[in-house]
Protein chains: 2
Amino acid sequence: MHNGCMIDPRLITLRVFARCGTVGATAELTGYSPSAVSAQLRELQRVLGMQLLTKDGRGVRLTATGRYLVAGSDTLVAEWERLRAAAMAAGDQVQSRFGLGGFSTAAAQLLAPLAATLRSTRPQLEVQVLEADPDRCFDLLVAERIDLAVIVAMQSDTYLEDDPRFEQTVLLDDPLDVIIPSDHPLASRETVTLEELASEPWITEAAGSTYHSLFTAAFTAVGVTPRIAHEAVEWETQIAFVGAGLGVGLLPRLAPLRSAENVVRLRITGKGKPARRIVAAVRKGSLASPLIQESLGILQVRANRILAARPEDDL
Amino acid sequence: MHNGCMIDPRLITLRVFARCGTVGATAELTGYSPSAVSAQLRELQRVLGMQLLTKDGRGVRLTATGRYLVAGSDTLVAEWERLRAAAMAAGDQVQSRFGLGGFSTAAAQLLAPLAATLRSTRPQLEVQVLEADPDRCFDLLVAERIDLAVIVAMQSDTYLEDDPRFEQTVLLDDPLDVIIPSDHPLASRETVTLEELASEPWITEAAGSTYHSLFTAAFTAVGVTPRIAHEAVEWETQIAFVGAGLGVGLLPRLAPLRSAENVVRLRITGKGKPARRIVAAVRKGSLASPLIQESLGILQVRANRILAARPEDDL
DNA sequence: GATAACCGTGCACAATGGGTGCATGATCGA
DNA sequence: TCGATCATGCACCCATTGTGCACGGTTATC
């Protein structure tokens, strides 16, 4: 959250703009109104004596100077985060506000317990959780709306291993299970291999999504080409499709099956064991912050507990 | 001048406080009122969630966390200066305000011409010159009141070769001349050695000052111990003392003799050729700024011209 | 080629933040 | 003990800054 950042908020706004490209989106992300963002950027140019923006069609675009400034500000922001974190650690203190972000499954399984734990151990800490897709999580990190995000690695196209703005920590590899109708011949099995399901009609996400890539990667690993019958966006939809007998699908271990009576979940064995990697992302430099460290520890414990709850599937 | 700095002004205030130690002095340096400084520091602690200050007698003192934060902020400020300078250079632009500081002789001989040149070449640039002793110049640099200072090296006790806050450039070595009464036996000479004046009554600054150190250093170089008859602070006073026949003294080449009729200035030859080193100091990171570069160039030209105007004394 | 949707910006107005000046309390030196 | 010095709290005030709405310009759609 925009909590004690010593960098001029207008520069932060510029950084957000550099990410999303439009004033309107910047306003939505930062919580300002569009006119405020416009005024801020204008004021920033005035006070810096630089031309940072140019009109471009019906929008505005960063100039070369603007891009240079934004790129260079990465180290500045990281340096401040590092300093704050170190000072916090040195003074044995934590900030008063803490913003968390993550996609739905992570929010439910990881962020909610984390928030609850922090709430009890640090009663005077304001914890806010924002559900958002990974891409938006990075936006929110840049906008200083959140301080820690739980995302699926490589889900975001803007995600880079060595992005100068972020640092990541692997929390766990969440294996994908198979969900099949309960009246399916294999429904009574404990585990199944992808080869056994090669001829089934598959339900997956649209091509281009992260899970679709995981999907194809898993099947190419075992050398078969699945037939994609249907597409769904939400897990719930996909589960409903499977329940309706439209086909079979993949469901992350962390995603709950809930009350889907006519759907069973099977572990995958064999070569192709698809999994999604769940990582925690923070602004670069903030990794040393006591609160971040504590949160990562809690998340790690939680992740390990999740993994340990199903020890049999790793064999 | 506090001109488009992207670092929170409250942190700058804290940095100034770290230098001078009292709220009142911080207020004077930053241009705020004491209550404003007090409120800023309190607000800073609140928003950062750190205790930075402790009561200490009738004043306040930095805590360990505070000192840590201030020390770490050096790189942050330097990083911003570097970024601004680079962006300015990349965009071929300069800031709109420019603050200069220096001690009296430098202000007259170097800063005034620099300000005049900048005023003509960049009409829309606000140039402000502040006369201040070197120590205060560093304060003003930290407080972002000025951007460039011309000082005598090692005059300030806070001056460090590798201070993480400043960068320096040698402008010139200003030789010290001898001033003697015009009715002195040596008054008709062009040059003189210190040995020849060893037995004269000397007029100098009080022990502990920079010029006093230069004074003693010069005489220890030639192996004689001068007799200090009188002490003066201002050059004008010292000249008046010499004119009154009270003794002889040292006067920097840059300091004008003006209308002192009964005083003559002689160059010093031989081993002990005392000189004061005049350097330009800027905030670390700002050296790449176009305006700083241009200013340093102008100062260097001016310094070379001063040296060239008296070419005979270097032999 | 007209119309609609979208994007950014300017303007009037309001509210919050932040600074000043003065008074007060506390501590140290004479 | 008295005065000087320092920081701080408080009332007031001003300036910055954000909002809401309207407008102009540009692109897409039919």
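Numbered from 1 within each chain, the chains take letters A, B, ... in sequence-line order.
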Per the end-axis method with five pairs at each terminus, what is the bend angle of the helix from dG1(C)-dC30(D) to dA30(C)-dT1(D), to 10°?
30°
Would you call Val60(A) and Phe17(A) a side-chain contact if the rule is heavy atoms closer than 4.5 Å?
yes
Side chains of Leu83(B) and Ser73(A), heavy atoms from C-beta outward: is any pair under 4.5 Å?
yes
Of all nucleotides in DNA chain C with an atom under 4.0 Å from a non-hydrogen atom of chain B, which is the first and which the last going 5' to 3'?
dG19(C) to dC28(C)
To the nearest 0.5 Å, what is the distance between CZ on Arg46(A) and CG on Leu41(A)?
14.0 Å
Look up atom CD in Glu205(A) and atom CH2 in Trp235(A), then write down how far apart they are to the nearest 0.5 Å.
5.5 Å
All pairs passing salt bridge (charged side-chain N to carboxylate O under 4.0 Å, His left out) where residues 61-79 of chain A contributes a residue, at least two apart
Arg15(A)-Asp74(A), Asp56(A)-Arg61(A), Glu79(A)-Arg82(A)
If you look only at pairs with a residue in residues 30-40 of chain B, which of them pass as a salt bridge (charged side-chain N to carboxylate O under 4.0 Å, His left out), with sequence neighbours excluded?
none
Can a salt bridge be assigned to the pair Glu167(A) and Lys284(A) using a cut-off of 4.0 Å between side-chain N and carboxylate O?
no
Scan nucleotides 14-16 of chain D against the protein and return all N/O pairs shorter than 3.5 Å with their distances rounded to 0.1 Å.
none

I need the Cys5(A) SG to Arg84(A) CZ distance, nearest 0.5 Å.
7.0 Å
List the atom of Cys20(A), the atom of Thr26(A), and the distance in Å for their closest heavy-atom pair.
SG-OG1, 3.2 Å
For nucleotides 17-30 of chain D, just jot down a letter per nucleotide in 5' to 3' order: B, S or -, based on protein non-hydrogen atoms under 4.0 Å.
-SBBB---BBB---
Please confirm whether the backbone N or O of Leu29(B) pairs with a side-chain atom of Arg145(B), one donor and one acceptor, at under 3.5 Å?
yes
